[in-house]
Amino acid sequence: ITFRESNNCAQWTDIELERNKHVRIFNVHMQTTGVNSTLRQTAKMERKGIHIDKGTQVEMVANRMGHEYIRRAEQADIISDIIKETNFATVLCGDFNDTPASYTYQKLKGKLNDGFKTAGHGYMYTYRGVKGLMRIDYILHSQELKGVDYYSPNYRWSDHNPVIMEMVFPKNE
């Protein structure tokens, strides 16, 4: 799934686990915040001798964040519409680049369960920046699936920690 005017995208695959038991897994990388690229842009300007005062820099960052927030919302609408049409058990995972209070998270979550809430424990962050205060990467799942474990190990492979979840189809009782 390509997003308009973006390098970010999403994809899905359908997996047949056994006869007549399928799961559709979505992986998304929603629009970035634009903070780092704006800071790189202002640093480049400084190196060229163009002074950017802190107030202007903050304004540039805020404007970019607002623009990217709108793009993430548009992307979330697209993914949400596809999920609504899905007839299989569903897993949605990836980098939402937004907090649980955001439109993006709420729209993507829809009727899905947050794996951290169903199988996580304690405090968890996924974004290594901002002093480990942000959870912006998620695994969401439909009601047909039951979370068993959910964790985010602190590996230094990226500026994000991986998110890992074990889930099962509950046995019919």
Side-chain angles (χ1 to χ4, degrees), residues 1-15 17 21-37 61-130 132-153 155 157-170:
I1 304 165
T2 55
F3 297 132
R4 180 178 63 82
E5 298 176 22
S6 177
N7 291 328
N8 298 73
C9 61
Q11 59 188 349
W12 85 73
T13 188
D14 294 335
I15 299 173
L17 299 173
K21 190 176 277 189
H22 296 81
V23 63
R24 178 167 287 172
I25 301 174
F26 291 86
N27 182 24
V28 300
H29 185 201
M30 307 304 285
Q31 189 66 37
T32 60
T33 62
V35 172
N36 289 337
S37 60
V61 167
N63 287 340
R64 180 71 182 266
M65 286 179 70
H67 178 73
E68 304 302 20
Y69 184 87
I70 292 166
R71 290 173 78 184
R72 276 194 306 283
E74 293 169 352
Q75 295 166 358
D77 290 342
I78 292 167
I79 299 301
S80 175
D81 288 345
I82 295 170
I83 289 172
K84 285 178 189 168
E85 299 297 319
T86 299
N87 294 320
F88 298 149
T90 302
V91 175
L92 169 61
C93 56
D95 179 357
F96 292 13
N97 274 311
D98 239 325
T99 67
S102 68
Y103 175 88
T104 297
Y105 171 89
Q106 293 298 322
K107 185 69 174 186
L108 290 172
K109 183 180 175 303
K111 294 181 180 180
L112 300 175
N113 292 321
D114 185 326
F116 174 68
K117 292 180 180 178
T118 62
H121 28 84
Y123 172 77
M124 191 174 304
Y125 68 94
T126 63
Y127 180 61
R128 299 173 61 75
V130 194
L133 296 174
M134 297 180 73
R135 185 168 71 99
I136 61 173
D137 306 275
Y138 306 91
I139 300 176
L140 309 176
H141 62 90
S142 59
Q143 308 294 328
E144 300 93 332
L145 297 163
K146 178 179 185 246
V148 175
D149 197 12
Y150 184 102
Y151 55 100
S152 182
Y155 297 140
W157 298 336
S158 163
D159 59 340
H160 296 252
N161 291 336
V163 180
I164 301 167
M165 183 172 185
E166 181 182 344
M167 58 187 88
V168 297
F169 279 99

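- Between Y138 and F96, the two ring planes are tilted [angle within 30° to 60°].
- The salt bridge (Lys or Arg N to Asp or Glu O under 4.0 Å) analysis of residues 92-104, with sequence neighbours excluded, yields the pairs R72-D98.
- Between M30 and N8, every side-chain heavy-atom pair lies at or beyond the 4.5 Å cut-off.
- The minimum heavy-atom distance linking P162 with W157 is given by the pair CG-CZ3, 4.3 Å.
- Closest heavy-atom contact between V28 and A10: CG1-CB, 3.5 Å.
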Exercise for review: Kindly determine whether Y151 and I164 satisfy side-chain contact (heavy atoms from CB on, under 4.5 Å), including the steps that lead there.
Suggested key: CA-CA 5 Å; Y151 55 100; I164 301 167; 3.5 Å; yes
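- Here the side chains of V35 and R64 are not in contact, with every heavy-atom distance at 4.5 Å or above.
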Point to revise | side-chain contact (heavy atoms from CB on, under 4.5 Å) between S102 and Y69, intermediate numbers included | key: CA-CA 9 Å; S102 68; Y69 184 87; 4.3 Å; yes
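- Side-chain atoms of N7 and H29 form no donor-acceptor pair, as typed in the model, at a separation below 3.5 Å.
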Check your understanding: Under the side-chain contact (heavy atoms from CB on, under 4.5 Å) criterion, do Y105 and L140 qualify, and how do the steps go?
Key -> CA-CA 10 Å; Y105 171 89; L140 309 176; 4.3 Å; yes
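- The one candidate from T90, D114, T118 that meets the side-chain hydrogen bond (donor to acceptor under 3.5 Å, both in side chains) condition with H141 is T118.
- Within the 4.5 Å cutoff, no side-chain heavy atoms of V91 are placed close to those of M165.
- Q106 places a side-chain N or O within donor-acceptor distance of the main-chain N or O of P100, the cut-off being under 3.5 Å.
- Rounding to the nearest 0.5 angstrom, the gap separating the CD atom in Q31 from the CZ atom in F3 is 9.0 Å.
- Here I79 contributes atom CD1 and L108 contributes atom CG; the two are 7.0 Å apart, rounded to the nearest 0.5 Å.
- By the 6.0 Å contact criterion, CG on D14 is enclosed, its count of non-hydrogen atoms from other residues, nucleotides or ligands being greater than 12.
- Across all their heavy atoms, G147 and A119 have their closest contact at C-CB, 3.6 Å.
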**Study point:** Full working for side-chain contact (heavy atoms from CB on, under 4.5 Å) between I15 and I25
**Key:** CA-CA 8 Å; I15 299 173; I25 301 174; 3.7 Å; yes
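- Annotation: side chain of I136 is in contact with side chain of H160 (closest heavy-atom distance under 4.5 Å).
- Summarising the geometry, atom CG belonging to N27 is positioned 13.5 Å from atom CH2 belonging to W12; distances are rounded to the nearest 0.5 Å.
- Closest approach of Y150 and H121 over heavy atoms only: O-NE2, 4.0 Å.
- Separating the CG atom in L112 from the OG atom in S142 is a distance of 6.5 Å, to the nearest 0.5 Å.
- Rounding to the nearest 0.5 Å gives a distance of 8.0 Å between CD1 of I78 and CZ of R4.
- Listed by chain and number, the residues in a ring-ring contact (aromatic ring centres under 6.0 Å, His included) with H67 amount to none (sequence neighbours excluded).
- Residues in residues 77-86 take part in these side-chain hydrogen bond (donor to acceptor under 3.5 Å, both in side chains) pairs, two or more places apart or across chains: R24-T86, D77-Y103.
- The CD atom of E68 lies 7.0 Å from the OG atom of S37; values are rounded to the nearest 0.5 Å.
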